[in-house]
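Atoms considered below: every heavy atom in the structure, side chains included; atoms not considered: hydrogens, waters and symmetry mates.
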Amino acid sequence: MKTEQKSGHSTEKSILELCEGYEKRKAEATGERKKFYDEIEKKSDNEDKYIKQGKYFESLNKDHLHHQSYEERLAKATELNGCDFKKSTFKNEAFVSREHTDIDHYIGWCDGQVVGIRRAPGIWLVCLLIGCILFICGGAALLFGITSGPIWLIFFTPLAIAGPWFADQVLWKNLDWLDKIEFNRHTGLVRTSHTLLRRPFYIPIEDIELCQGPVVKNARGSGEIPTGSLVLTKYPAKFWWRPSLVILGGMEKDHWTAIIKFMDISQPIHMNIQESIEEHFKKDKNAMGTGPFPESMKKYLDAEDKQINRFEVW
């Protein structure tokens, strides 16, 4: 009994010390750090408000989720693709476990319905190439206009600045969704990205595995880059070879299993993902950047506070 009382006092003391430490850091914070603590306080006050209003623990319907078996979703993907699937053949690929470790819950751009993951550069490289060409044209126009060519060539000089800006701020910002793989929690399907040789297709999440390669270390030893890529256990029969999904920057096991966990409709979306949902709600953009925030997810957010007002988000 005495041991239990001693343990209880020790826990209470630890909590008080943590609270005192938090208050001290908050009082000493300035600039951006102070804004961070103010945001925490604001969110906490809003949660208290939602609890008093009876919203926070209120259960909402889950009609927006697919509630379909794997076979039903496979049939839906076959219908969307316009052809049957065929099985992939593997040689020495070793797949990582699909069990999540609960260490890291980062998944990428997420609006609650969809997670968007960028594949290896495609459209980005095209935009970069266009920007470089326009920069070279602008520089050449200035050089030849001043030295040997017609003087009117210098009117094309602004291309050296406007060209790269146009490629990055206009082309890339409006076309980057073409490089994204779409993981849709509401349908249980994944839509692959666009490529020069292949249009996107749909496939159930169960038919994608992570083949984790070696971790490449930075030449100076200051960082590491994972080289994992996603492979398909089956793919549309109209393709001649099995497509692979190479992710920009590679993919680690924790990242992949966190996505699988997000796609599992038997459990709510993890709290660490809620910040990304709120950011997309504030911008009124979906995770792919192709339209407004999904209507089906708005019931989980307060329109005035731009904050999630439910304990569980499905």
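- Side chains of Y70 and D207: a donor-acceptor N/O pair is present below 3.5 angstrom, by distance only.
- Residues satisfying the salt bridge (charged side-chain N to carboxylate O under 4.0 Å, His left out) criterion with D305, sequence neighbours excluded, are K49.
- Among residues two or more places apart in sequence or in another chain, the side chain to side chain donor-acceptor pair (under 3.5 Å) test is passed with H280 by none.
- With sequence neighbours left out, the salt bridge (charged side-chain N to carboxylate O under 4.0 Å, His left out) criterion links E58 to R310.
- Between F262 atom CZ and Q113 atom CD the span is 8.0 Å, to the nearest 0.5 Å.
- Counting only heavy atoms from C-beta outward, the side chains of I107 and I273 approach each other to under 4.5 Å.
- For the residue pair N61 and K299, a side-chain donor N or O sits within less than 3.5 Å of a side-chain acceptor on the partner.
- Between T257 and V96, the closest side-chain pair of non-hydrogen atoms is not below 4.5 Å.
- Note: the hydrophobic cluster containing W256 does not contain V114 (ILVMFWY, side chain heavy atoms under 4.5 Å, direct or indirect links).
- In this view, H270 and H105 satisfy the ring-ring contact (aromatic ring centres under 6.0 Å, His included) rule, not counting sequence neighbours.
- Alongside Y202, the hydrophobic cluster contains L80, L189 (criterion: ILVMFWY side chains under 4.5 Å).
- Under the salt bridge (charged side-chain N to carboxylate O under 4.0 Å, His left out) criterion, E206 pairs with R73, not counting sequence neighbours.
- Side-chain contact between R98 and I205 is present, with at least one heavy-atom pair separated by less than 4.5 Å.
- For the pair L232 and F201, the minimum side-chain heavy-atom distance is below 4.5 Å.
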Inset, instruction - Please step through side chain to side chain contact (heavy atoms under 4.5 Å, CB included) for the pair F85 and T78, ending with a clear verdict. - result: CA-CA 7 Å; F85 283 90; T78 300; 3.5 Å; yes
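- I265 has its side chain out of reach of K62: every pair of non-hydrogen atoms, C-beta onward, lies at least 4.5 Å apart.
- For K42, the NZ atom is loosely surrounded, since the number of other residues' heavy atoms within 6.0 Å does not exceed 12.
- When every heavy atom of G108 is checked against every heavy atom of S276, the shortest pair comes out as O-OG, 3.8 Å.
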Inset, instruction - Just do the side chain to side chain contact (heavy atoms under 4.5 Å, CB included) check on L60 and W314 with the steps written out, would you? - result: CA-CA 9 Å; L60 300 176; W314 291 83; over 6 Å; no
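- In this structure, the side chains of L301 and K306 stay at 4.5 Å or more apart for every pair of heavy atoms.
- With side-chain heavy atoms closer than 4.5 Å counting as contact, directly or through intermediates, the hydrophobic cluster containing Y50 also holds I51, Y56, F57, F311.
- Identified under the salt bridge (Lys or Arg N to Asp or Glu O under 4.0 Å) test for residues 266-284, with sequence neighbours left out: K43-E278.
- Looking at heavy atoms from C-beta onward, M288 lies out of side-chain contact with W109 at the 4.5 angstrom threshold.
- Residues V313 and Q274 meet the side-chain proximity criterion, which asks for heavy atoms closer than 4.5 Å.
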Inset, instruction - Step by step, work out the side chain to side chain contact (heavy atoms under 4.5 Å, CB included) result for I277 and D111. - result: CA-CA 4 Å; I277 297 173; D111 57 23; 5.7 Å; no
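- S69 is linked by a side chain to side chain donor-acceptor pair (under 3.5 Å) to E72, counting only residues two or more places apart in sequence or in another chain.
- Applying the salt bridge (charged side-chain N to carboxylate O under 4.0 Å, His left out) criterion to R191, with sequence neighbours excluded, gives no partner residue.
- Partners of F293 according to the ring-ring contact (aromatic ring centres under 6.0 Å, His included) rule, which considers only residues two or more places apart in sequence or in another chain, are F281.
- For D254, the side chain to side chain donor-acceptor pair (under 3.5 Å) criterion is met by T101, not counting sequence neighbours.
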